[in-house]
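Here the structure comes first, spelled out in structure tokens, and everything after it is commentary.
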Amino acid sequence: MSLMDSTKAEVLKLREELARHDYNYYVLDNPVIADAEYDALMARLRALEDAHPELVSSDSPTRRVGGAPSSRFAPVTHATPMLSLDNSYNEQDILAWHERVLKGLGGEHPEYIVEAKIDGLSCALTYENSVLKTAATRGDGVTGEDVTANARTIKAIPLRLRESVPGLVEIRGEVYMDRRDFETVNESELAEGREPFANPRNAAAGSLRQKDPSVTARRRLRFFAHSYGLFGEGSGGGPETHSSFIETCARWGLAASPVRKLCRSIDEVLGFYRQYDAGRDSLPYEIDGLVVKVNSLAQQKILGVTAKSPRWAIAFKYPARQATTTLLRVVHSVGRTGVITPRADLKPVQCGGVTISSATLHNYDEVARLDVREGDRVVIERAGEVIPKVVKALVSERGGTEKEIHPPEKCPSCGGPVTRDPEEVAYRCENPSCPTQVARGLIHFASRDAMDIEGLGEAAVEQLVQKGYVRDFADIYSLDILRLLTLDLFAEKRAENLLDAIGKSKKQPLSRLVFALGIRHVGEKTARNLAAHFKTMDKLAFAGTEELSRVADVGPVLAESIHGFFANEGAVRLIGRLREAGLNMAEPESVAAKGSPFEGKTVVFTGELKTLTRAQAQQKVRELGGRDSGSVSAKTSYVVAGGEAGSKLEKARKLGVTILTEEEFLRLAGQ
DNA sequence: AGGCCTCGAGTTCA
DNA sequence: CTCGAGGCCT
């Protein structure tokens, strides 16, 4: 064997090996070698090809990024039109479609095949004698764009089919991006000062329509086949069912939809839809629904197509988690701490099963980053969490009347000056007697985790403040029944209940009172630490910053904040009046729990508990000498998982933290 | 100085 | 629930 021949043999072997690894990784999702090994093989192949250019061929894995960047995309006319699917959003629509199918088939019951509808963009791949020739986007269905150079960089798209297929085959499928890869892409877009993509679909579309294929190559796009436009002669005359088409694709090295189910009846289809909905958030990619197809190609032919879409297939969509609506105006709302938060009033829109009419914009940096304006069309999202957020402003849809959003110069509530600490993101109203701040502060004071005064919520506080009956915390304790009855909100029974609740709150431990005061940076936990350390309000109020810093989790910033609060004359008077009103100013001695299973342990709760509330469970842990926390880390002793537990449970599993069920927790706590 | 870890604060709809 | 930021440990 000549030297040339042995080189050629190695090149062919490397290509075959690399193609197999691409297939394992991108199609089967099951890599069998480490990335570094893969890179080494690729480097070796590249070196050989560089040294022997005559051995280069277009189906070599090194040629995935090849050719000069094209400045525009040439039009491609599809062999047969690429139709879109009819959409349906509920079971009635599906049943109606099913009836039409039955009618079309003269009463014959078809088998259905159900696949995931991953939100990406359609792409048609033409293979000639097994070799990838062109790739085209859907375009308007008749003519698309030639994106061959970019499609070649997608490793789930074989450059050569794994079986010999004579003639022309046009495979159609979806190019899409995983959630994780989407996050990664957006991180680097942001890092490089570009606008992030609103969703994986846009990211996939933007990546496939890149001028420079090397950019596409970095984006880790994926592909799965879902139909075909041409099925060349010599390949057995085409499949008889959609299932067998998919099996053929698999043999050829093309990925199929990662979800696929053959259903004998429409009820089975509906059942699968419901069952699948539950798990869709934990999938690695976003799906916007399912596609239901008649499995038999003979039956498909009988049913035929309309001008727009085939009659034998329908998209069965889940309620969208994203929606587009109009940002009517921005409200600058003042919080308890004086922080001014921009909130978007939206034209009400359905999203994720509820009507959204408002969404937070978080802060003014975020407003600037989104470049969102009043009057803009905006994309909102209600993803894994419940809280909707504005993801993107549709800049191209602007008409010119949109108004830029700026932080207010005066507090919208009291008209006082608005300042911004250059170290902080937040803009604040510095006026401590700003009516909105006072009202929010009172609501906080009365809230369940603070003084727990039932009946003193937002509405009651608003009226009490408006009437001038309550201006500070101490005023709450001089309310009487006659005054309450002058308010619309209170009839006799309700007024009595409120006074009763106010009376009870006087006995709350010092820790709750300290928390209720709303000292900056002092939350529930820190308040408990302070109360446990100082035992009485007086000792706390007279403590210097040095003494304060000795308390756990208190550093210079907190010490200064706490000291500053009590140094204020108004605060001293307020505390005095609260004392006169008969409020408890001491922390009850905690009963040392000896030998309890939670002594010195940190417990985190997640999900919904059945027999007691989370607050009760947390208190139980504290009574038994344990600590409760909100976040899971390596230091967590136990995670108690209730129903519908989410990310914290995941993290606990990953870190190997002991997980308890509610029953196990109660058993431990009961001893 | 940097990297966890934790806490505080704000937030929507039914 | 998630972000930002303070505190503490290395």
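So you know, we letter chains A, B, ... as the sequences are listed, proteins then strands, and number each from 1. Worth saying up front: this structure is predicted, and the values here are computed from it rather than measured.
Between A/Tyr364 and A/His332, the gap from one ring centroid to the other is short of 6.0 Å. Residues A/Phe515 and A/His444 place their aromatic rings such that the two centres sit under 6.0 Å apart.
For the salt bridge (Lys or Arg N to Asp or Glu O under 4.0 Å) condition, the pairs that include at least one residue of residues 330-348 of chain A, sequence neighbours left out, are A/Arg329-A/Asp345, A/Arg343-A/Asp345.
Of the side-chain N and O atoms in A/Thr355, none sit less than 4.0 angstrom from OP1 or OP2 of B/dC13. Within the 4.0 Å cut-off from OP1 or OP2 of B/dT11, not a single side-chain nitrogen or oxygen of A/Arg343 is found. Put simply, A/Thr360 has no side-chain N or O that comes within less than 4.0 Å of OP1 or OP2 on B/dT12. Distances shown here put every side-chain N or O of A/Ser629 at or beyond 4.0 Å from the OP1 or OP2 atom of B/dC5. Dashed line: the shortest gap from a side-chain N or O of A/Thr337 to OP1 or OP2 of B/dG8 is not under 4.0 Å.
DNA chain B is contacted by both A/Ser358 and A/Val632; A/Val632 maps to the nucleotide lying nearer its 5′ end (nearest heavy atom per residue). For the pair A/Arg614 and A/Ala426, nearest-nucleotide mapping onto DNA chain C gives the more 5' position to A/Arg614. Where A/Ala359 and A/Arg336 each meet DNA chain B at their nearest nucleotide, the meeting point lying more 5' is that of A/Arg336.
Nearest to the side chain of A/Leu558, among C/dG6, B/dT12, B/dT6, sits C/dG6. When distances run from any side-chain atom of A/Ile356 to the nucleotides B/dC13, B/dG8, C/dC1, the shortest one goes to B/dC13. Nearest to the side chain of A/Ser333, among C/dG6, B/dT11, B/dC13, sits B/dT11. Among B/dT12, B/dC5, B/dC7, the nucleotide with an atom closest to any side-chain atom of A/Thr526 is B/dC7. Nearest nucleotide to the side chain of A/Ala634, out of B/dG8, B/dT12, B/dC5: B/dC5. With B/dC7, B/dC5, B/dC13 as the choices, the nucleotide that has an atom nearest any side-chain atom of A/Ser633 turns out to be B/dC5.
No hydrogens or angles considered: a donor-acceptor pair under 3.5 Å links the side chains of A/Ser433 and A/Asn431. Residues A/Ser511 and A/Arg528 bring no donor and acceptor atom of their side chains to less than 3.5 Å of each other.
Below 30°, between 30° and 60°, or above 60°: for A/Tyr638 and A/Phe598 the angle between ring planes is above 60°, a perpendicular geometry. Ring geometry for A/Phe316 versus A/Tyr273: interplanar angle under 30°, hence parallel rather than tilted (30 to 60°).
Near DNA chain B, meaning a heavy atom under 4.0 Å from it, residues 447-462 of chain A has no residue at all.
The pair A/Glu547-A/Arg550 meets the salt-bridge criterion, since a charged nitrogen lies less than 4.0 angstrom from a carboxylate oxygen. Between A/Arg179 and A/Glu183 there is no salt bridge, since no side-chain N of the basic residue sits under 4.0 Å from a carboxylate O of the acidic one.
Taking atom NE2 on A/His521 and atom C1' on B/dA9, their separation rounds to 10 Å, with Å as the unit. Summarising the geometry, the separation between CD on A/Glu524 and C1' on B/dT6 is reported as 14 Å, rounded to the nearest angstrom. Straight-line distance from the CG atom of A/Leu530 to the C1' atom of B/dC7: 13 Å, rounded to whole Å. Put simply, CD on A/Glu366 is 12 Å from C1' on C/dT2, counting in whole angstrom units. Note: CZ (A/Arg627) to P (B/dT6) measures 7 Å, nearest angstrom. Atom OH in A/Tyr364 sits about 17 Å away from atom P in C/dG4, given to the nearest Å. What separates CG of A/Asn363 from P of B/dT11 is a distance of 11 Å, to the nearest Å. Following rounding to the nearest Å, A/Leu548 (CG) and C/dG7 (P) show an atom-to-atom distance of 12 Å.
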Could I get a table of every N or O pair under 3.5 Å where one atom is in the protein and the other is in nucleotides 8-10 of chain C?
{"unit_1": "C/dC8", "atom_1": "OP1", "unit_2": "A/Asp553", "atom_2": "N", "d": "3.1"}

(request) Walk me through it: do A/Asp376 and A/Arg398 pass the test salt bridge (charged side-chain N to carboxylate O under 4.0 Å, His left out)? (result) CA-CA 6 Å; A/Asp376 265 344; A/Arg398 278 192 187 145; 2.8 Å; yes

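Using a 4.5 Å heavy-atom threshold, the side chains of A/Thr611 and A/Leu666 count as touching.
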